[in-house]
Amino acid sequence: MSETNGRGLVLVGYRGTGKSTVGRLLAERTGRPFVDVDDEIVARAGRTIRAIFEESGEPAFRVIEEAVVRDLIAAYPGGILGTGGGTIVREANRRAIRGHGFVAWLRADVDELARRLEADTATRETRPSLTSKGAVAEIAEVLDFRTPFYEEVAHLVVDTVSRGPKEVADLILEHWSRAEGSQDSGEPRSCS
Ligand code: S3P
């Protein structure tokens with residue numbers, strides 16, 4: 001892969017898997033733009049995501065999210081796209097994401113995600129609850145529901161528990177380059 005040409009990259013995964021951090025690192029490494037679906041939703045709506053959920057409800061959020069995914073992909077061909085944890089639930093988003101290019105799924109287990117989200121002070125202010133359950137039960141249930149969708153879109157599965165963001169970015173770059181070179185979109189590869 002040239003660092004400025006070729007198809008784009010999409011980062012998917014649950015909250016707390018490091019999509020934004022890794023996306024920014026990859027943008028630095030490749031010279032490509034990093035654009036984040038959640039950031040664009042906030043900019044467009046002029047409200048935090050938590051406010052959108054509370055004032056308009058999750059279905060309204062998902063409508064904005066789908067439009068943002070479509071628009072960012074159209075505006076940044078070849079760009080690096082960071083998605084929200086639930087972006088992959090809508091079929092139209094999964095299709096758009098696969099159409100954009102190489103898809104990396106950043107993974108972590110339930111306990112690790114709960115630990116990271118608990119440690120993240122932004123979580124309580126900006127991340128709305130997705131169920132009425134406690135943190136660990138919510139993550140377990142939602143992750144279980146979403147896992148088939150992550151599996152469906154991913155070319156590469158990267159375990160983020162044993163790796164820091166730089167190492168995750170290196171791995172993605174290596175596999176993305178290889179896929180660009182071979183145009184091989186076969187079975188997903190797993191780096192655990
Ligand atoms: C959500 C994840 C969030 C954001 C919204 C809903 C989800 O994105 O899109 O709060 O449904 O998992 P991050 O994964 O970037 O936190």
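Numbering of ligands and ligand atoms starts at 1, following listing order. What you see is a predicted model, and the numbers here were worked out from it, not measured in a lab.
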Checking side-chain polar atoms at under 3.5 Å, does R116 have a donor or acceptor matched by the opposite partner on T160? yes
Salt bridge flag under 4.0 Å for residues E58 and R62: yes
Ion pair check, R163 and D170, cut-off under 4.0 Å: no
Test item: H175 side-chain N/O and A104 main-chain N/O as donor-acceptor pair under 3.5 Å: no
Considering non-hydrogen atoms of the protein only, which is the closest contact for atom 1 (C) of ligand 1, and what is the distance? R15 NE, 3.7 Å
Working note: T87 + E65, criterion side-chain hydrogen bond (donor to acceptor under 3.5 Å, both in side chains); need CA distance, chi angles, decisive distance, verdict. CA-CA 7 Å; T87 305; E65 183 180 49; 2.8 Å; yes
Starting from atom 15 (O) of ligand 1, what is the nearest protein heavy atom, named by residue and atom, and what distance separates them? D38 OD2, 2.7 Å
Against heavy atoms of I49, which atoms of ligand 1 measure under 4.0 Å? 5 (C), 10 (O)
Logged contact type for R146 with ligand 1, heavy-atom cut-off 4.0 Å, is side chain
Ligand 1-proximal atoms of R50, by part, heavy-atom distance under 4.0 Å: neither
Sub-4.0 Å atoms of ligand 1 with respect to non-hydrogen atoms of P128: 10 (O)
Show which atoms of ligand 1 fall inside a sub-4.0 Å distance from at least one heavy-atom site of G86. 7 (C), 11 (O), 12 (O)
Per-atom contacts, ligand 1 versus F61 - under 4.0 Å to a heavy atom: 5 (C), 9 (O)
Give yes if a backbone or side-chain nitrogen or oxygen of G85 is under 3.5 Å from a nitrogen or oxygen of ligand 1, and no if not. yes
For ligand 1, does L130 get within less than 4.0 Å through its side chain, its backbone, both, or neither, judged by non-hydrogen atoms? side chain
Indicate whether any N or O donor in one side chain lies under 3.5 Å from an N or O acceptor in the other, for R47 and S56. yes
Is there a donor in the side chain of E138 and an acceptor in the side chain of S129, or the other way round, less than 3.5 Å apart? no
Please check whether R62 reaches ligand 1 - meaning an N/O of the residue sits under 3.5 Å from an N/O of the ligand, judged on distance alone. yes
Atom 16 (O) of ligand 1: the protein heavy-atom neighbour that sits closest, reported with distance to 0.1 Å: R127 NE, 3.0 Å
Plane angle bin for F53 and F61 - parallel if under 30°, tilted between 30 and 60°, otherwise perpendicular: tilted
With a 4.0 Å cut-off on heavy atoms, is E58 touching ligand 1? no
Ionic contact status for R50 with E54, cut-off 4.0 Å: yes
